[in-house]
Amino acid sequence: MRPWLRHLVLQALRNSRAFCGSHGKPAPLPVPQKIVATWEAISLGRQLVPEYFNFAHDVLDVWSRLEEAGHRPPNPAFWWVNGTGAEIKWSFEELGKQSRKAANVLGGACGLQPGDRMMLVLPRLPEWWLVSVACMRTGTVMIPGVTQLTEKDLKYRLQASRAKSIITSDSLAPRVDAISAECPSLQTKLLVSDSSRPGWLNFRELLREASTEHNCMRTKSRDPLAIYFTSGTTGAPKMVEHSQSSYGLGFVASGRRWVALTESDIFWNTTDTGWVKAAWTLFSAWPNGSCIFVHELPRVDAKVILNTLSKFPITTLCCVPTIFRLLVQEDLTRYQFQSLRHCLTGGEALNPDVREKWKHQTGVELYEGYGQSETVVICANPKGMKIKSGSMGKASPPYDVQIVDDEGNVLPPGEEGNVAVRIRPTRPFCFFNCYLVVKAFIVLTPAYSSHDPEALTRELQEHVKRVTAPYKYPRKVAFVSELPKTVSGKIQRSKLRSQEWGK
C-alpha cells in the first residue's frame, strides 16, 4: 500500500473506536472520511498526485479492509438485477476476490501483459465491472465499446487500437467472427455466456477455475488505464487515452459534490457500458464507498425504470435527458420513491421543461453536468446550488473554465463563445493523456536527409513537447519525399489518413 494511505488505513484497522470520540469531546473525523478527503484533495488539485497509483489496489482494496473492520455501512459495493428475479450482490471484499480471479484469467488463458489492450463490448452484465477491475489489476488497458457497434465499427476499432483481446456476449460474437481475420493483433476472444462457441474462450468457465490469489500490478499514476473512442463528430473516431490517476482520482471531488455520494448511498446510472458515463459512475461511486446499482435493462422502458426506483432503496439516479423526457410522460403519482434523494443528468442538453416537470412530480431537483471523453466533469450544478434553467452550472475543480472567442479571449457574461479549459501554466491532472491516431509526416531538407531517422524522431518529439502541451507530441513519425497537395498548395490530409489507415 502507498505510504500516503498506509497510516490512515492502519488507524482504521487497529482502532475499532475510530467513529467515536471521548465523552464530552467532539468526535474525530471517521477514518474512511479522512481517506476520502485525501483522495478529494488530489482531485481538487490541492495535493500532488502520487507517483504510483492503481485504483484496484489503492481504492477498492482499501475499502475492502475498512469494510472487514466494520468501518462501512452494510450496503453492497455492487448490486445487479435483471428484472426477472436474478440478483447479484458483491461486497468490496467479494469484488476483490472475484476481480483477482478475473485478473488471473486475463494474465493466464489470455496471456495479456501490462500495457496490452483489451476491448470490452458487453451489455449491462456483472462481468463488465469485473473485467474492468481485472484490467486495472493486470495493467491491461481497457477499451469499452457500445453494444450497437457494427462489424465495420468493430474492425476499425480493433485495427486502430491493435487490441490483443476482446470480451463480448453471444449476440456480438458473430460480428467479431466476421471481421477477426482482418485484425491480426487480435489473439484471444473471450465469451461471456453459459454456452460455448468455436474459437472463443468461455470466461465464466475460466473464472470458476481461477485462483483467488493475484498480485496487483504496480502502476504509475500516468500509466494508461483506458482508451475511449470519440463519437467521430468531426471525422473518424479518435482514441482518447486516460491514465490511472486521471480517471482513478479525477472523479472523487465531483462524486462528492455533484453526485453527492457517501458510504450509505446506492447509485444507479442507466447508461450503456460503452459510454464514458459508465466509467464516470465507477470512478465516482467506489472512491466514496458507495454502492453501484445496475439493472440489466435490455431496452429502455420507462415503466421498468420507475418500478425499479420504487422497489429498490436507490438513493441517487443518473439518466440522460432523453430518458427523463420519457419518465415525465408517465403518471408519476402512481409511484413512490421512498429512498430517492438526488438526481443527475448529462450527455446532452436538458430541456428546462423536463426539469420542471420532474421536480414538480417527484419533489427532487435535476442537477446537470457536462464533460467529454477527453475530460472528467468540466461543469456541473453541485447539490444545494440554486439552478438556473438551461445552465450547465459552474466549473468543476480542478478545471478553470471560461467562455472565449475564436482567438482565445475571455468573453464578458452573456456573450456567446467557445467553452475553454485552461491547461497552462498548470495542466489539470484529470485531463486525458493524449490522442493516440496522432502521426507526423515530415519532408526533410537536404541538410537533414542523411541524419539517423530514429535520433531525428526523438529530437522532433522533444521539440513538440517543449513548444506545445506535452501530450500533443506525435507518437508516430514518417519521413516522406513529398506531401500530397491540392493545386492551390493545401496539404491533402485526407490522403495521408487514407495512406495510414489503408495499412
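Quick note: numbers below take in every heavy atom, side chains included, and nothing from hydrogens, waters or symmetry partners. Residue numbers run from 1 in the order of the sequence given. This structure is a prediction, so every number in the text was calculated from the model and none was measured.
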Under 3.5 Å: donor-acceptor pair, side chain of [X], backbone of [Y]:
X	Y	value
T212	K101	no
T273	R124	no
E93	E67	no
E348	T322	yes
W90	P76	no
H242	S373	yes
N202	S193	yes
W63	S91	no
R46	P398	no

Taking the side chain as every heavy atom from C-beta outward, state whether [X] and [Y] have any pair of such atoms under 4.5 Å apart.
X	Y	value
E87	W79	yes
L201	L206	yes
W128	V294	no
F92	V62	no
V320	W275	no
I266	N75	yes
I423	P428	yes
S284	L261	yes

Just wondering, are more than 12 heavy atoms of other shown residues or ligands nearer than 6.0 Å to [atom1] in [X]?
X	atom1	value
E213	CD	no
R204	CZ	yes
E209	CD	no
Q336	CD	no
R341	CZ	yes

| Does the pair N82 and T84 meet the rule for a side chain to side chain donor-acceptor pair (under 3.5 Å), with working shown? | CA-CA 6 Å; N82 72 348; T84 59; 2.9 Å; yes

| task | Run the salt-bridge test on K220 and E51 with the 4.0 Å N-O cut-off and return the result as yes or no. | result |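 Counted as a salt bridge, because a side-chain N and a carboxylate O are separated by less than 4.0 Å.
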
| query | Taking 4.0 angstrom as the limit, do D170 and R197 come out as a salt bridge? | reply |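 Looking at D170 and R197, the cut-off is not met.
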
| field | Qualifying ring-ring contact (aromatic ring centres under 6.0 Å, His included) pairs, either residue in residues 250-272, two or more places apart | value |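 Output for this query lists Y247-F251, F251-W280, W268-F293.
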
How close do [X] and [Y] get, heavy atom to heavy atom, and via which atoms?
X	Y	value
I387	L366	CD1-O, 3.3 Å
Y367	G384	OH-N, 3.4 Å
S211	N104	O-ND2, 2.7 Å
E263	P73	CB-CD, 3.6 Å
L350	E368	N-OE2, 3.4 Å
Y399	I378	CD1-CA, 3.9 Å

| request: Mind running side chain to side chain contact (heavy atoms under 4.5 Å, CB included) on R257 and L44 for me, showing each step along the way? | output: CA-CA 11 Å; R257 298 173 179 217; L44 291 169; 3.2 Å; yes

Mind checking the [atom1]-[atom2] spacing from [X] to [Y]? Nearest 0.5 Å is all I need.
X	Y	atom1	atom2	value
Q187	S185	CD	OG	7.5 Å
L60	S99	CG	OG	7.0 Å
S245	D58	OG	CG	11.5 Å
Q244	S221	CD	OG	8.0 Å
C291	F312	SG	CZ	11.0 Å
R117	I166	CZ	CD1	14.5 Å

| task | Please say which of V121, L149, I143 ends up in a side chain to side chain contact (heavy atoms under 4.5 Å, CB included) with R157. | result |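 Between R157 and the candidates, side chain to side chain contact (heavy atoms under 4.5 Å, CB included) is satisfied uniquely by L149.
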
| query | Can you name the one residue among S165, P224, C110, C135 that meets side chain to side chain contact (heavy atoms under 4.5 Å, CB included) with T140? | reply |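 For T140, the side chain to side chain contact (heavy atoms under 4.5 Å, CB included) test succeeds with only one of S165, P224, C110, C135, which is C135.
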
| task | For residues W286 and F55, establish whether the separation of their ring centroids is below 6.0 Å. | result |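 W286 vs F55: aromatic centres not under 6.0 Å.
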
| Intermediate values then yes/no, salt bridge (charged side-chain N to carboxylate O under 4.0 Å, His left out), R175 and D153 | CA-CA 10 Å; R175 298 181 211 171; D153 295 327; over 6 Å; no

Using a distance-only test with no angle check, is there a side-chain donor-acceptor pair under 3.5 angstrom linking [X] and [Y]?
X	Y	value
S290	N288	no
Q47	T38	no
N54	T219	yes

| task | Walk me through it: do Q361 and L327 pass the test side chain to side chain contact (heavy atoms under 4.5 Å, CB included)? | result | CA-CA 11 Å; Q361 296 186 63; L327 297 182; over 6 Å; no

| task | Sorted by first residue and then second, give each side chain to side chain donor-acceptor pair (under 3.5 Å) pair with at least one member in residues 305-320; sequence neighbours left out. | result |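 Side chain to side chain donor-acceptor pair (under 3.5 Å) check on residues 305-320 returns D265-T315.
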
| query | Step by step, would you call L326 with I305 a side chain to side chain contact (heavy atoms under 4.5 Å, CB included)? | reply | CA-CA 10 Å; L326 295 176; I305 294 173; over 6 Å; no

| request: Using side chain to side chain donor-acceptor pair (under 3.5 Å) as the criterion, point out the one residue from K359, H342, K383 that pairs with E365. | output: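 Of the listed options, the one satisfying the test is K359.
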
| Given the rule in the side chain to side chain contact (heavy atoms under 4.5 Å, CB included) test, do F337 and I314 qualify, once you have shown the distances and angles that lead to the verdict? | CA-CA 8 Å; F337 310 138; I314 296 161; over 6 Å; no

